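Residue numbers start from 1 in every chain, and the chains themselves are labelled A, B, ... in the order their sequence lines are given, proteins ahead of strands. These numbers were taken from a predicted model, which means no experiment stands behind them.
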Amino acid sequence: MSRFRDSFDQRVWQVVKGIPAGRVMGYGEVARAAGFPRYSRMVAAAMGRCPEPLPWFRVVRSNRTLAFESGSAEYREQAQLLRLEGVRFDGGKIVEAERDDSLDRVLWGPRD
DNA sequence: GGGGTGACAATTC
DNA sequence: GGAATTGCCACCC
């Protein structure tokens, strides 16, 4: 059996679950955080295999756009969920809203 | 084993 | 600011 996939999935899910509300991560970032650089594509597959609900909508492309085609049902759902968490949208791109990241800095380190 | 696929990324024009 | 090209690697026929 593919233990690789099992461990990989677990790590990815853990990382995704750890993304704070109102914050987004790129697929590459998630892969790195999980300890698997260059596995950006597998991140998507891993999330699709997750049995329990996951904040998948907090994972976006590296260019800060949504991974789905604009106008698709999934796209609108993701946009909706993100907006509820205070994420602003400029057209298709995300312009992360400024937020109280006092805790985020401690957990994730200073960003940018 | 071979070839196409993908909720991608980085680089280059 | 795009659009196109190349690299990537497990997964599934």
Side-chain angles (χ1 to χ4, degrees):
Chain A
M1 302 81 109
S2 53
R3 293 180 210 314
F4 182 91
R5 194 187 74 176
D6 292 335
S7 61
F8 178 80
D9 288 355
Q10 290 293 332
R11 295 297 300 274
V12 169
W13 298 343
Q14 185 175 342
V15 170
V16 174
K17 278 192 275 189
I19 304 177
R23 192 81 173 298
V24 296
M25 278 183 85
Y27 288 88
E29 288 181 87
V30 173
R32 274 202 316 259
F36 295 88
R38 272 189 240 70
Y39 281 70
S40 51
R41 296 185 101 137
M42 287 305 303
V43 170
M47 287 195 292
R49 285 192 295 265
C50 187
E52 60 181 290
L54 210 61
W56 55 270
F57 50 87
R58 293 181 194 149
V59 183
V60 299
R61 290 192 191 167
S62 57
N63 55 348
R64 299 266 127 141
T65 62
L66 302 191
F68 296 103
E69 187 177 2
S70 178
S72 69
E74 293 282 37
Y75 179 95
R76 285 189 289 108
E77 182 182 357
Q78 183 171 15
Q80 170 77 9
L81 290 167
L82 286 175
R83 229 176 310 168
L84 291 178
E85 297 189 338
V87 177
R88 288 193 203 167
F89 276 91
D90 176 32
K93 289 193 187 104
I94 293 178
V95 261
E96 279 194 72
E98 35 269 274
R99 63 207 168 280
D100 181 8
D101 55 0
S102 55
L103 180 57
D104 288 2
R105 287 179 184 277
V106 177
L107 293 177
W108 299 81
R111 60 187 202 81
D112 298 336

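No option in A:E29, A:K93, A:Q78 other than A:Q78 meets the side chain to side chain contact (heavy atoms under 4.5 Å, CB included) test with A:V60.
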Could you run down the sub-3.5 Å N/O contacts of the protein with nucleotides 2-5 of chain C?
from  : atom 1 : to    : atom 2 : distance (Å)
C:dG2 : OP2    : A:K93 : NZ     : 3.2

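Closest approach of A:A46 and A:D9 over heavy atoms only: CB-OD1, 3.2 Å. Pairing each heavy atom of A:G22 with each of A:V87, the nearest pair is O-CG2, 3.8 Å. Closest approach of A:R58 and A:I19 over heavy atoms only: NH1-O, 2.7 Å.
Between the P atom of C:dA10 and the CD atom of A:Q10 lies a distance of 18 Å, rounded to the nearest Å. Distance, A:R3 CZ to C:dC11 C1': 18 Å, rounded to whole Å.
At a threshold of 4.5 Å between non-hydrogen side-chain atoms, the residues A:F68 and A:E77 do not count as touching.
On the P atoms, C:dG7 is 22 Å away from B:dA7, given to the nearest whole Å.
Under a hydrophobic clustering in which Ile, Leu, Val, Met, Phe, Trp and Tyr are joined whenever their side-chain heavy atoms come within less than 4.5 Å, directly or via other members, A:F89 and A:V24 fall into the same cluster.
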### Message
Walk along nucleotides 2-13 of chain B from 5' to 3' and tag each nucleotide B, S or - by protein heavy-atom contact under 4.0 Å, base first, then sugar-phosphate.
### Response
----BBBSS---
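For the pair A:Y39 and C:dC8, the criterion of a side-chain N or O lying under 4.0 Å from OP1 or OP2 is not met.
At most 12 heavy atoms of other shown residues, nucleotides or ligands fall within 6.0 angstrom of atom CZ in A:R38.
Using cut-offs of 30° and 60° on the angle between ring planes, the pair A:F8 and A:F4 is parallel.
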